[in-house]
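So that the names make sense, note that chain A is the first sequence line, chain B the second, and so on, each numbered from 1.
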Number of protein chains: 2
Amino acid sequence: MPDTSEPRWLDAEQQRDWRAFLSGVTRINEHLELALRPFGLDLAEYEILVQLSEAERRSLRMSDLAHSARQSRSRLTHTVARMESKGLVTRRACPSDRRGVIATMTEHGWSLLVRAAPTHVQSVREILVDRVDPEDFAALGRLMRAVIDGPEPALVG
Amino acid sequence: MPDTSEPRWLDAEQQRDWRAFLSGVTRINEHLELALRPFGLDLAEYEILVQLSEAERRSLRMSDLAHSARQSRSRLTHTVARMESKGLVTRRACPSDRRGVIATMTEHGWSLLVRAAPTHVQSVREILVDRVDPEDFAALGRLMRAVIDGPEPALVG
DNA sequence: CCAAGAAAGTTGACGGTTCAATGATTCTGC
DNA sequence: GCAGAATCATTGAACCGTCAACTTTCTTGG
């Protein structure tokens with residue numbers, strides 16, 4: 001049966017903070033996307049390049065890449081296909097698991113990342129890191145780790 | 001000429017916090033979208049309903065609504081058109097400015113919001129508010145207000 | 001007043017994401 | 001060792017957001 005108990009609304013201050021969060025995230029995203037634009041990248045593609053750049057041999061299984069870049073496998077397939085046609089990555093069969101596909105960053109992808117990264121970092125600083133109290137930024141980290149590490153919430157329905 | 005000075009990279013801790021932020025935001029969004037799904041709403045539509053519900057006569061000019069729901073005017077036009085066809089909102093000409101269009105929440109839209117809101121709040125609590133240290137949550141609010149209220153960053157290019 | 005420009009809103013095409021379905025391969029329990 | 005379940009990756013269609021172009025109306029400087 002549906003939960004008929006009175007919902008626990010947010011108090012005024014919580015609501016203010018929550019809405020600031022929603023607006024802030026939007027602004028941060030817009031700023032980062034704008035900064036990547038001159039490089040012909042969006043944030044999702046940038047993340048893919050970063051993950052590949054840090055992996056052994058600059059290569060990852062598609063599903064590991066999907067996980068670390070926080071994308072669905074389907075989305076990743078499409079995005080990587082596009083990036084492949086731009087010459088940023090290549091794909092090949094995985095030798096140890098014939099279901100698998102390994103994506104590898106090309107030299108061209110690497111050099112694009114190297115060129116884009118300084119601007120990206122600068123944009124992160126401009127919109128967030130250099131703009132806020134370092135204590136609050138550390139609190140942000142703690143808070144987000146609590147969000148990530150917590151159990152899958154059930155949302156009883 | 002391009003800035004050739006060494007970029008100010010994030011230190012290890014900043015990077016850890018920043019990446020936690022990216023992951024956390026993704027997780028929060030996924031959780032909220034999931035919670036709204038049974039109501040046939042996504043977060044963008046929910047925001048539109050919230051903004052209308054708090055406005056006088058549950059009505060807003062399209063461009064004010066676009067601003068407060070953090071959407072482009074074009075996106076809002078499309079989304080409101082869809083919501084109109086679902087019977088959640090109506091549109092009519094603005095009497096004082098003949099360029100304008102006023103969106104109004106219908107009774108059906110209102111009742112859907114009333115039904116969805118408790119679940120939505122619960123999902124916000126589950127994924128964030130009830131999961132983190134209240135001090136850190138307050139820090140989140142401060143931090144995001146600094147992001148929002150700050151000047152348009154130039155991102156010198 | 002009026003011409004030029006700005007603002008409001010829409011439109012349609014394009015591109016990207018989601019979703020469900022599919023084929024192929026590997027894992028699991030018996 | 002095999003049947004059934006789970007995993008990996010892809011596909012294509014439907015759906016949604018973005019972008020540039022456009023119309024209409026309002027504002028502003030001279």
ask   = Between R70(A) and S23(B), is any side-chain donor less than 3.5 angstrom from a side-chain acceptor?
value = yes

For atom CG of L36(A) and atom C1' of dG16(C), their distance in whole Å = 17 Å

inquiry  = I'd like to know if the side chain of S53(B) pairs up with that of R58(B) as donor and acceptor (distance under 3.5 Å, no hydrogens or angles considered).
reply    = no

note = Whichever of S74(B) and R37(B) has the more 5' nearest nucleotide on DNA chain C, that residue is S74(B)

query = Can you tell me how far P of dT18(C) sits from CG of N29(B), to the nearest Å?
reply = 11 Å

request  = Could you tell me the separation between the CZ atom of R92(B) and the P atom of dG9(C), rounded to a whole number of Å?
outcome  = 12 Å

key: Backbone of L32(A) reached by a side-chain donor or acceptor of S123(A) within 3.5 Å   = no

key: Salt-bridge criterion met for R19(B) and E54(A) (N-O under 4.0 Å)   = yes

task = Return the residues of residues 45-64 of chain B meeting this criterion: a heavy atom under 4.0 Å from some atom of DNA chain C. Order them by number, or give none.
result = R61(B), M62(B), S63(B)

message = I'd like to know whether CZ of R115(B) has more than 12 heavy-atom contacts from other residues, nucleotides or ligands below 6.0 angstrom.
response = yes

inquiry  = What is the distance, to the nearest angstrom, from the CG atom on L43(A) to the P atom on dT17(C)?
reply    = 11 Å

inquiry  = Pick the closest DNA chain D nucleotide for H78(A) and for R99(A) by heavy atoms, then say which residue is nearer the 5' end.
reply    = R99(A)

query = Nearest-Å distance, CE (M83(A)) to P (dG16(C))?
reply = 12 Å

query = Whole Å only: how far is the CG atom of L34(B) from the C1' atom of dT18(C)?
reply = 14 Å

ask   = Side chains of E45(A) and K86(A): closer than 4.5 Å at any heavy-atom pair?
value = yes

request  = Check the distance between dA8(C)'s C1' and R98(B)'s CZ and give it to me in whole angstrom.
outcome  = 14 Å

ask   = Just the endpoints, please: which first and last nucleotides of DNA chain D, 5' to 3', lie under 4.0 Å from a heavy atom of chain A?
value = dT7(D) to dC19(D)

Linked, directly or transitively: I148(A) and F137(B) (ILVMFWY side chains, under 4.5 Å) = no

ask   = Which is true for R73(B) with a 4.0 Å heavy-atom rule: it touches a base, it touches only sugar-phosphate, or it touches nothing?
value = base

inquiry  = Side chains of R92(B) and V101(B), heavy atoms from C-beta outward: is any pair under 4.5 Å?
reply    = no

ask   = With the threshold set at 4.0 Å, does a side-chain nitrogen-carboxylate oxygen contact exist between D97(B) and R61(B)?
value = yes

message = With a cut-off of less than 4.0 Å, is there a side-chain N or O of R82(A) near OP1 or OP2 of dG16(C)?
response = yes

